Amino acid sequence: MKKFVNDPADVLAEALIGIQAIHPELRIDTENRVILRAEPTRPGKVALVSGGGSGHEPMHGGFVGRGMLDAAAAGEVFTSPTPDQVLAATQAADSGAGVLHIVKNYTGDVLNFEMAAELAEAEGVRVASVVVADDVAVQDSTYTAGRRGVGTTVVLEKIVGALAEEGADLDAVAVLARRVADSGRSMGVALTSCTVPAAGRPTFELPEDEMEVGVGIHGEPGRSRVPLASAREVARMLVDPIVHDFGDPVGPAIVLLSGLGATPLIEQYLLYGEIAPLLADAGVDVQRVLVGDYITSLDMAGASLTVVKADDEMLRLWDAPVVTPGLRWGA
Amino acid sequence: MKKFVNDPADVLAEALIGIQAIHPELRIDTENRVILRAEPTRPGKVALVSGGGSGHEPMHGGFVGRGMLDAAAAGEVFTSPTPDQVLAATQAADSGAGVLHIVKNYTGDVLNFEMAAELAEAEGVRVASVVVADDVAVQDSTYTAGRRGVGTTVVLEKIVGALAEEGADLDAVAVLARRVADSGRSMGVALTSCTVPAAGRPTFELPEDEMEVGVGIHGEPGRSRVPLASAREVARMLVDPIVHDFGDPVGPAIVLLSGLGATPLIEQYLLYGEIAPLLADAGVDVQRVLVGDYITSLDMAGASLTVVKADDEMLRLWDAPVVTPGLRWGA
Amino acid sequence: MTGAVSTADLVTWIRAFRDAVQQHKEELTALDSAIGDADHGSNLARGMDAVVAKLDTVPASPAELFKTVGMTLVSSVGGASGPLYGTLFLRMGPALATEGTVDAAALGAALRAGVEGVVARGKAEPGDKTMIDALLPALNAWDAAGDDLAAAARAAADAAAAGRDATEPLVARKGRASYLGDRSAGHVDPGAASSTLLIEALAATVAA
Amino acid sequence: MTGAVSTADLVTWIRAFRDAVQQHKEELTALDSAIGDADHGSNLARGMDAVVAKLDTVPASPAELFKTVGMTLVSSVGGASGPLYGTLFLRMGPALATEGTVDAAALGAALRAGVEGVVARGKAEPGDKTMIDALLPALNAWDAAGDDLAAAARAAADAAAAGRDATEPLVARKGRASYLGDRSAGHVDPGAASSTLLIEALAATVAA
Ligand SMILES: Nc1ncnc2c1ncn2[C@@H]1O[C@H](COP(=O)(O)OP(=O)(O)O)[C@@H](O)[C@H]1O
Ligand SMILES: Nc1ncnc2c1ncn2[C@@H]1O[C@H](COP(=O)(O)OP(=O)(O)O)[C@@H](O)[C@H]1O
Ligand SMILES: [Mg+2]
Ligand SMILES: [Mg+2]
Ligand SMILES: [Mg+2]
Ligand SMILES: [Mg+2]
């Protein structure tokens, strides 16, 4: 395992030390492994709290800051945070105006945030939750755990963060959050497996001439394994299922192409060059686009495409200032 | 070779198509493979032009924009651009106030920029040049090609870009550029080789239990190959040669830790957590710090540390607004 | 130790479970690599280490013990298994008397309360390819075995193992493995494997 | 073709060099992988393809031909070898008459002008482990061989090959390989290898 680590058991704790050294504008609660804005939440402002397993950097800690999250609970690598952690994040972030939990739809995340919300409400904190379940690689069904949450999370945190910054109340914030969550679809592909530090070996074996289509961001194997394809073909494998899942013409949209950790920017640029015309052909009117590492899967080579249908309000909030380690503009 | 590419011969051309689709605020001269700001250079403003081989994204094209570069010439992967390309960039960027060429010290870059400067001057464009040679892994000597240019380039482009934006003349811009270039030192380490798309296989073989210390950003083998070490030991291998090379106590500094392309942010955070106390112990007073992928080497796993001694003017210019794909703040 | 166990015996069980998890940590993670995210072994190992660190002094009662185990698992494991294993123990405690020893019937009732808690939290049904597929058969075997504690525990452990093995051909409908659809078939569920270690540790403890 | 070559013959040489570069492209890149950045083969191949694309009509004179070759290499190769190979040809042209055929002495003088141009641009000295280490011995052997063109070219090609081989133990002092310090020893210089292909192509052309 070739990684910059010391003892694999210490990866999260030590990464947090680094984040604190790099970002004085953030505050780390080391005991609870919570990343907060250095400044406490403005009285009256609804707080946005997210979190999840680590290994997806910059998500979530890298999206804490003005215009986006108020706090993020960092679980162990690929392991959702515990209720205690989420509770600590929730209590620290609450200004009295209530807290929105932004949860990616994984059983662990849902259960731990659920317990945390119960505990927080018992302590008198108003909590609303939104669950992001945007991964079209997973067949949706009420009998299963449903779809995974991927890139729409980032878009949601940005847009809803801007609304909270404007002073909207918890109900309004939660309504918009659910609207954004419902408007997003994602699809990913892996060229290599990631290696969980504590496991010490790749989560799956992928021969030199194969790739995983529909892979999860925790190295969960995808829905199918296909021969290694050109960027042009990969673009189609990402765009088609998303467009198909939307059904209706998409219209104005915010698009995110995220590298999965080990895919360099030049490949992401090239891949997006193939994706853009396919989106246009399919009636996706790309209004805003981000390409880079935003939601990763440790050292996995691959990419994940997210398309979020966006109305004027969402675009306006997208353009509002944001000052976080992972997203920054307007200030 | 597991990459998002079509024909390896088309990597650069196709990546530029992607960049154009992502960044409407940039203009791509596809024929000459030059990346420019969409807005022409303000009359009277000195233009900053850089460039080099591709495969180091976001450098250089990702640093074109307000407060940083005016144009960047993109060579083939790991191959410095030709004089024609640099000439085209120079002519397009010049507002009449002259052009600063920012050149990394590689034989190819130096020769091609030199020829371009001769051609540009023959066309009546005033050109000054600064050569960045900051890689302490390379023994310096007048009998050799000297040191390579690495991360100080990014810091220089930011600081000097801010000065040019303020309206300083070419001489002043060049003087500051040389001062920044002289103030920076870098050191890199690779855990894996990169793979040049046209070559199709890793540039060097590195066994599972070894790493290259002092590696170059083109996959040039380093000065020594040592057993795979912990992040704590790697931090020392990066910090010690830099501090030793400075000799005198460093004092206030800007620090850049760049991933080399396939190293995820969580490892970079962790590594910086180990670097920070070593820098403090060595008398480096870190005033500003960037950690992320800024100057990469295709899909190499590894990191490069840069320390630039910074006086108050340099810090002030560092903090000035910058709006580029790769660096953005203050606007 | 045929009819009933003391709190100290139950602590021995919990310690034995920790040892079994440590011993099978890599195996559990390997199972989770195949159909999940390669962390079930380290998750449970981290949690059970935290639990054992709290057991230097034996708790006052079984109820107390299970509360400590459950709270510690909830606050140290994370993932899906943290709240689920946590709930299992948190629900077992209140089902028990706060004093004295515990016999087969009492422990069986406590286990039932725990497993019902897991079902309530996780909404898994039998055959969904989860820890439920080892725990439910274990419970049923326990009840069917009658008054003898050692026999009940032995029957439960065997049933858990059979339930665990039976998860192999199943297509997962809950948890991370469900994302795989049909490709989840052909692998044993990691949570069913760790639950079997739990019941097996109990059987070994009461047999000793 | 013993005493002199026409522009068309020289075009044949340039085409033969392109073919040789294409044929040895992977080998050149492999040499560059060991002590450089793994692009010398693709760099030169790209450049020589661009050159040959411009030679559908035979240029008016050797001077014209070399100018085209030099300019095309400068504008299509990049890297260190682009300006250096470009300079080689750009300096060869003016050293030649603008009409008629070229004999051994004239071609030798042109080569000398070219190689001096490479030295002036790249500041490499003999023994620095660069293309110079193949080109300079070739030049000296050419001059020593006298009037016979085929003999001069053959001698030059053999000397280039020997010079190329002699770069193997050297520690590089110029170009990218110099960053390696002592670790650059034990590998043949890629530019010396490609230069040898150039002179070898000439020898083959004039021998034909
Ligand atoms: N809804 C559920 N109900 C019961 N058990 C579940 C459920 N979801 C997951 N599990 C169990 O949890 C195990 C995975 O645990 P673990 O790997 O620690 O968590 P995660 O899936 O969050 O990484 C599965 O093997 C399964 O037995
Ligand atoms: N200063 C120099 N003088 C002469 N030849 C040089 C010099 N620097 C490099 N070379 C030659 O260039 C070759 C490398 O060419 P190439 O790989 O195409 O360029 P780059 O090093 O920019 O990738 C070396 O093998 C060497 O022969
Ligand atoms: Mg997990
Ligand atoms: Mg090169
Ligand atoms: Mg798991
Ligand atoms: Mg090279």
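These figures come from a predicted structure and were not determined experimentally.
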Query raised in the report: Under a 4.5 Å cut-off applied to non-hydrogen side-chain atoms, are A:Pro221 and A:Glu212 in contact?
Result: yes

Query raised in the report: Hey, does A:Ile217 have a side-chain heavy atom less than 4.5 Å from the side chain of A:Tyr106?
Result: yes

Query raised in the report: Should C:Glu116 and C:Arg121 count as an ion pair when the cut-off is N to O under 4.0 Å?
Result: no

Which region of [X], side chain (C-beta onward) or backbone (N, CA, C, O), has a non-hydrogen atom less than 4.5 Å from a non-hydrogen atom of chain C, or is it both or neither?
X        : result
A:Gln139 : neither
A:Asn105 : backbone
A:Arg33  : neither

Requested in this report: Just give me the residue among C:Ala34, C:Ser75, C:Ser81, C:Ser184 that pairs up with chain A most often, heavy atom to heavy atom, under 4.5 Å.
Outcome: C:Ser75

Report summary line: Most contact-rich option vs chain A, by heavy-atom pairs under 4.5 angstrom, among C:Gly82, C:Gly175, C:Ala177, C:Ser42, is C:Gly175

Query raised in the report: Take atom CE in A:Met237; do more than 12 heavy atoms of anything else shown fall under 6.0 Å from it?
Result: yes

Query - CG (A:Asp209) with more than 12 external heavy atoms under 6.0 Å - result: yes

**Report entry** Side-chain H-bond candidate by donor/acceptor type, A:Asn112 with A:Gln85, under 3.5 Å
**Finding:** no

Report summary line: Ranked by heavy-atom pairs below 4.5 Å to chain C, first place among A:Gly219, A:Gly214, A:Gly53, A:Ser224 goes to A:Ser224

Query raised in the report: Among A:Val138, A:Val77, A:Thr79, who wins on heavy-atom pairs under 4.5 Å with chain C?
Result: A:Thr79

Report task. Could you tell me which portion of C:Arg183 (side chain, backbone, both or neither) has an atom closer than 4.5 angstrom to a non-hydrogen atom of chain A? Result -> side chain

